[in-house]
Amino acid sequence: MPSNAEAAALLREIADLLDLNGERFKPEAYRRAARSLETLSEELAVVAARGGLREVPGVGDAIEEKLREYLASGRIGYLDRLRTQIPGGLLEMMRLPGVGPKTTRRFWVELGVTDRAELAGAIEAGRLEGLKGFGPRKIDQVRSALTTAAAGPAPGRVPIDVVYATAVGLRDALRAHAPVDRVEIAGSFRRCRETVGDLDLLVTSTDPEKVFDVFSANPAIAEVRMRGGTKETVVLRGGLQVDLRVVEPDAFGAALQYFTGSKEHNVRLRSLARDRGLKINEYGVFRGDERVGGRTEEELYALLGLAWIPPELREDHGEIDQAASGQLPRLVEAADLRGDLHVHLPKGDPEAGLRAVCARAEALRLDYLGIVVAEPDGSAGQLRTVDALSAAMTAAKGGAVRLLPVAEILPETPTSEVKRVGAELLVLRPGAGTPAAPADLPAPAALRLVAHVGGEAVAAHRWLDVAARSRIAIETGPGAERVDSSLARAAAAMEVRLAVPTGVGEAEGEATRAIALGFARRAGASRESIANARPFEGVRAGAVRRPRRPTAG
DNA sequence: GCCGTTTTCGGCCCGACTGTTTTCAGTCG
């Protein structure tokens, strides 16, 4: 089964092998195309079928042909030929920290070393010592890189919800204990990408040394990898790399913009700057040698004739043209969320659980909550009906938050069961089953939401179709049971409303809330396209279904 | 190999840091 991810991986392998061959610009061209495929919200085969491959950024004649070959046969002949020319072990060697393509190639050509084991042998035999450019420290560096690599693979990109608490913890520790003015997390974390490869922290301070001292002492940090005058790189206990940079207050906006990326977005900005006789880098905006801006991001974008672009949109997917023409969407914000349609109470004491959930909801100024009172397997436990919910509410003194009873059902759940629990909102749990036809879905309640859409993207796409045809909202957010931002974008394009979970049912719900909101924003969603940004009355009246646009004429 | 509204050829981000150097190459982001 061809997939976008696999195609991207093959292009990346071509890039790595070309690197080892000493090619100058081709590797980056293949990587650019690979990155495009990874953020594509459509199946490659679908794009190819309508002849749209050339519209994918970074795909030209040559790569289009290779993608067609991949779709037809699952292989790329060019890659197969490269693999026969270059030993596969070199790729592993090249991924050692501090060892790049040039160094790997020299090990191969000058020492005949073709994998990590042979490299270790060569080091122990003292064969690196004669090599030009290899002093004792460099050799030590390679040796310890080999040891670390043998202990376990470095983590690749990590899901954002997994690193969320760590990232925020590091940021808050700096705010509390280091002599800093501003602290922000930049990089793909700030753009709220589904996964992050590392963390980028940016601070302003007049005492970088002290900042690094405080940071290095954080117990989450396993190793300080390097430390200079403006930058420190550390590795966390989980293996994730964190870069901390100190910049001048006057350059904070430029640095924040620069280190937030994405790379593609920044390339486009620099080219716009060049057209205007300007130069931008992490230190500011310059006309010749004169610095004309960079204290804030807004200023930087304004100098390029652009409205400020929310970080979640900075992927060079058309947002720059929108910012130039004033067409940027007004993205949903945290304050727009009025309620939550899908809250599971913690297991155990339902009254205490409800009390805690309501307290969190009030703190977030939410007006209403959909509380799951019945699940397909009966696991909602003690809270099985609306009557039970009301009793628990009274006991818990629910306060100002209004509650909606929710039945979570499978598509095949009998209507009689839904009626029996008296639910006002239905949450569809697709489970492993195939999507039912909309006509088959039980419909005694006015409001419907699809959640727990886990598993394969293909199944999720089918659910999007069902949701679009029968006007059901779909839940976005982190984890395998919610849709990610690219599916959310597809949903938005089909005029399917999104639901943004607020995390009030979880002890650590802040991450869920922030990430779900970020995914909705990455999808370009406005307040109007969010089911739980509707007021309570609207939700209850069935307005969770997105109204159809009036048809012209 | 890709790209372009000054280019269909001639560019392709560029600065910090490290280790090895005596002025620089490689890696990384």
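So that the names make sense, note that chain A is the first sequence line, chain B the second, and so on, each numbered from 1. Side chains are part of it too, since the values below use all heavy atoms of this structure and drop only hydrogens, waters and symmetry mates.
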- Task: May I ask you to verify if any side-chain N or O of A/K66 is less than 4.0 angstrom from the OP1 or OP2 atom of B/dG1?
- Result: yes
- Message: Among B/dC13, B/dG1, B/dT18, which nucleotide has an atom closest to any side-chain atom of A/M226?
- Response: B/dT18
- Task: Report yes if a side-chain nitrogen or oxygen of A/T103 is closer than 4.0 Å to either non-bridging phosphate oxygen (OP1 or OP2) of B/dT27; otherwise report no.
- Result: yes
- Item | Per A/F25 side chain, nearest of listed nucleotides B/dG1, B/dG15, B/dG29 | B/dG1
- Item | Salt bridge present between A/R182 and A/E184 (N-O < 4.0 angstrom) | yes
- Item | Nucleotide paired to B/dT8 in any strand shown, Watson-Crick or G-U, under 3.5 Å | none
- Task: Hey, which sits more toward the 5' end of DNA chain B by its nearest nucleotide, A/R225 or A/P97?
- Result: A/R225
- Message: On the nucleotide B/dA16, are OP1 or OP2 found under 4.0 Å from the side-chain N or O atoms that A/T233 carries?
- Response: no
- Note on the structure: Among B/dT20, B/dG1, B/dG29, the one nearest any side-chain atom of A/D198 is B/dG29
- Query: Counting side-chain heavy atoms from C-beta on, which of B/dC2, B/dG29, B/dT27 comes nearest to A/P101?
  - Reply: B/dT27
- Item | Validation row: A/I309, A/I320 side chains within 4.5 angstrom (heavy atoms) | yes
- Message: Side chain of A/T230, heavy atoms from C-beta onward: which of B/dC2, B/dG26, B/dC17 has the nearest atom to it?
- Response: B/dC17
Just the atom pairs and distances: protein N or O near nucleotides 3-6 of chain B's N or O, under 3.5 Å.
from: B/dC3; atom 1: OP1; to: A/G58; atom 2: N; distance (Å): 2.7

- Kindly confirm or rule out a cation-pi arrangement of A/R245 over A/F259, judged by NZ or CZ under 6.0 Å from the six-membered ring centre and within 45° of its axis? yes
- Item | Basic-acidic side-chain contact under 4.0 Å: A/E508, A/R513 | no
- Query: Among B/dC13, B/dG29, B/dG1, which is the nearest nucleotide to the side chain of A/I63?
  - Reply: B/dG1
- Task: Would you mind telling me which residue lines up with the more 5' stretch of DNA chain B, A/R106 or A/V267, judged by nearest nucleotide?
- Result: A/V267
- Distance-only donor-acceptor check, side chains A/Y70 and A/E6, under 3.5 Å: yes
- Item | Closest nucleotide among B/dC12, B/dT20, B/dC2 to the A/A62 side chain | B/dC2
- Are side-chain N/O atoms of A/E118 and A/T114 paired as donor and acceptor at under 3.5 Å? yes
- Query: So, is A/Y283 close to the B/dC13 phosphate, meaning a side-chain N or O under 4.0 Å from OP1 or OP2?
  - Reply: no
- Message: I'd like to know if the side chain of A/E43 and the backbone of A/N4 have a donor-acceptor N/O pair within less than 3.5 Å.
- Response: no
- So, is A/R137 close to the B/dG19 phosphate, meaning a side-chain N or O under 4.0 Å from OP1 or OP2? yes
- A/Q241 side chain near B/dG29 phosphate (N/O to OP1/OP2, under 4.0 Å): yes
- Within the structure, does a side-chain N or O atom of A/K138 lie under 4.0 Å from either OP1 or OP2 of B/dG19? no
- Give a yes/no answer on whether the side chain of A/K279 brings an N or O atom under 4.0 Å of OP1 or OP2 in B/dG15. yes
